[in-house]
2 protein chains.
Amino acid sequence: MSATNTDVPSMRAHALPTPVPAGDYDACPVTSLMRRVGDKWTLLVLSLLGRRPYRYNELHRAVEGISQRMLTRTLRTLEADGLVARTVFPSVPPSVEYRLTPLGESLLVPLSALADWAVRHQPSSTPLGVRPLGDNG
Amino acid sequence: MSATNTDVPSMRAHALPTPVPAGDYDACPVTSLMRRVGDKWTLLVLSLLGRRPYRYNELHRAVEGISQRMLTRTLRTLEADGLVARTVFPSVPPSVEYRLTPLGESLLVPLSALADWAVRHQPSSTPLGVRPLGDNG
DNA sequence: CTGTATCCGATGTGATACTG
DNA sequence: CAGTATCACATCGGATACAG
């Protein structure tokens with residue numbers, strides 16, 4: 001293969017496709033996507049924007065715990081990836097709206113399937129922070 | 001919500017579920033899963049094991065570029081997550097086989113859907129390391 | 001063959017202060 | 001309101017050496 005390796009087809013139901021050349025992991029769109037969605041806040045932001053458009057500070061409050069730095073970084077990356085659209089309204093005070101692009105919405109479909117698997121099969125399987133019992137005290 | 005937040009249901013087709021409490025992002029199985037699969041080698045190893053069982057060095061060669069440290073770490077984490085089974089054959093020289101568990105195989109299903117989305121919609125969309133033109137030679 | 005231990009640079013993330 | 005700049009710390013990941 002090497003240069004002609006354009007496969008990585010649609011991969012059938014149960015096994016990921018090609019034995020991936022490795023070293024090209026960077027260029028593999030699959031791993032690339034995972035690494036992005038796999039960061040600390042992206043999935044969270046994506047899930048919020050999946051419900052409706054948000055303004056910057058609105059997101060900042062909703063994703064309570066995120067720093068301005070990371071919120072901005074996350075949004076900028078999503079924008080660069082074409083998943084989120086940023087619209088500035090030159091009002092006073094200024095307001096900026098973030099919303100999913102059609103591409104972003106389309107991503108939520110397979111993402112939902114994965115999320116569904118996660119809540120069903122995952123580790124201690126306590127959905128959203130409801131630990132089994134005193135983990136801390 | 002807070003302590004009673006056990007929802008994060010199956011989330012309908014187009015929008016991720018709950019506005020996630022945030023701060024609980026660590027405990028959210030969805031984000032948690034993403035962060036694991038989103039590391040540098042997990043997806044690659046998972047895809048290989050999706051085809052057939054592998055021995056340690058066999059993987060080391062197949063995932064050319066990975067260090068022993070990271071291969072071991074990745075496999076150990078996958079094992080801890082119940083996605084991969086490790087079997088030691090006390091032969092001489094010793095051999096260890098890694099294979100997907102049923103849980104691991106079940107994960108490949110939604111993962112494949114996401115991978116499929118990636119190869120279809122992603123960035124410069126050059127599937128597996130086939131850069132547009134002479135990047136290296 | 002199948003790992004473990006150690007060191008080290010790269011990157012991710014948070015805190016804080018400042019700006020149009 | 002919606003950011004940017006800077007510093008600091010934790011974790012990720014690679015290289016190398018060593019071991020059962």
Side-chain angles (χ1 to χ4, degrees), chain A residues 22-26 28 31-46 48-49 53-81 84-99, chain B residues 20 22-28 31-46 48-49 53-81 84-99:
Chain A
D24 291 339
Y25 73 87
D26 254 354
C28 173
T31 292
S32 175
L33 171 65
M34 293 301 189
R35 288 178 74 80
R36 282 169 185 210
V37 177
D39 75 356
K40 193 168 182 178
W41 304 106
T42 295
L43 187 64
L44 215 38
V45 170
L46 230 34
L48 285 169
L49 295 181
Y54 273 78
R55 290 175 51 185
Y56 184 87
N57 268 359
E58 207 177 1
L59 273 175
H60 198 195
R61 283 186 295 271
V63 185
E64 187 180 358
I66 195 175
S67 62
Q68 286 189 321
R69 170 182 159 76
M70 287 314 294
L71 178 54
T72 300
R73 255 183 76 82
T74 301
L75 288 169
R76 289 289 196 276
T77 299
L78 287 171
E79 192 190 356
D81 287 346
V84 163
R86 175 178 181 267
T87 310
V88 181
F89 297 102
S91 51
V92 180
S95 96
V96 178
E97 184 200 76
Y98 294 93
R99 65 164 64 234
Chain B
V20 197
D24 291 340
Y25 74 88
D26 254 354
C28 173
T31 293
S32 175
L33 171 65
M34 293 301 189
R35 288 178 75 80
R36 283 171 184 208
V37 177
D39 74 356
K40 193 168 182 178
W41 304 106
T42 295
L43 186 64
L44 214 39
V45 170
L46 230 35
L48 286 170
L49 295 181
Y54 273 78
R55 291 175 50 184
Y56 185 85
N57 267 0
E58 206 177 2
L59 273 176
H60 198 194
R61 283 187 295 271
V63 186
E64 187 181 0
I66 196 174
S67 62
Q68 285 189 320
R69 170 182 158 76
M70 287 315 293
L71 178 54
T72 299
R73 254 182 76 83
T74 300
L75 289 169
R76 287 290 196 276
T77 299
L78 286 171
E79 191 189 357
D81 286 347
V84 163
R86 174 176 181 268
T87 310
V88 181
F89 297 102
S91 51
V92 180
S95 95
V96 178
E97 183 200 77
Y98 292 94
R99 66 162 64 233

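Naming convention: chains lettered A, B, ... in sequence-line order (proteins, then strands); numbering from 1 in each chain.
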Can you check whether [X] has a side-chain N or O nearer than 4.0 Å to OP1 or OP2 of [N]?
X        : N       : answer
Tyr54(A) : dA2(D)  : no
Lys40(A) : dT11(D) : no
Arg73(B) : dG14(D) : no
Arg35(B) : dT11(D) : no
Arg86(A) : dG3(D)  : yes
Tyr98(B) : dG3(C)  : yes

Between [atom2] of [N] and [atom1] of [X], the distance in whole Å:
X        : N       : atom1 : atom2 : result
Arg55(A) : dG3(D)  : CZ    : P     : 11 Å
His60(A) : dT4(D)  : NE2   : C1'   : 14 Å
Met70(A) : dA2(D)  : CE    : P     : 19 Å
Glu64(B) : dG14(D) : CD    : C1'   : 15 Å
Leu71(B) : dG3(C)  : CG    : P     : 9 Å
Arg76(B) : dT4(C)  : CZ    : C1'   : 10 Å
Asn57(B) : dT2(C)  : CG    : P     : 5 Å
Ile66(A) : dG14(C) : CD1   : P     : 7 Å

Worksheet item: With a 3.5 Å cut-off and no angle check, do the side chains of Tyr56(B) and Ser95(B) form a donor-acceptor pair?
Response: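 Side chains of Tyr56(B) and Ser95(B): no pair found under 3.5 Å.
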Worksheet item: Counting side-chain heavy atoms from CB outward, which of dT4(D), dG20(C), dT13(C) is closest to Pro94(A)?
Response: dG20(C)
Fill in: Residue Trp41(A), side-chain heavy atoms: nucleotide from dA2(D), dG3(C), dT13(C) that is nearest
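Closest nucleotide among those given: dT13(C).
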[atom1]-[atom2] distance between [X] and [Y], expressed to the nearest 0.5 angstrom:
X        : Y        : atom1 : atom2 : result
Arg61(A) : Tyr54(A) : CZ    : OH    : 10.5 Å
Arg86(A) : Arg99(A) : CZ    : CZ    : 14.5 Å
Asp39(B) : Arg73(B) : CG    : CZ    : 8.5 Å

Fill in: Sugar-phosphate only, base, or nothing, as touched by Phe89(B) at under 4.0 Å among non-hydrogen atoms
nothing
Item to complete: Using only heavy-atom distances, decide whether a donor-acceptor pair under 3.5 angstrom links the side-chain of Arg69(A) to the base of dT4(D).
Response: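 Looking at the base of dT4(D), it does not pair with any donor or acceptor on the side chain of Arg69(A) (distance under 3.5 Å).
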Practice prompt. Using the closest heavy atom to pick a nucleotide of DNA chain D for each, name whichever of Ser95(A) or Asp39(B) lands nearer the 5' end.
Written response: Ser95(A)
Item to complete: Name the residue closer to the 5' end of DNA chain C, choosing between Gly38(A) and Tyr56(B) according to the nucleotide with the nearest heavy atom.
Response: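 In this pair, the answer is Tyr56(B).
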Fill in: Of Leu46(B), Leu71(B), Ile66(B), the residue whose pairing with Trp41(B) passes side-chain contact (heavy atoms from CB on, under 4.5 Å)
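Testing Trp41(B) for a side-chain contact (heavy atoms from CB on, under 4.5 Å) against Leu46(B), Leu71(B), Ile66(B) leaves exactly one candidate, Ile66(B).
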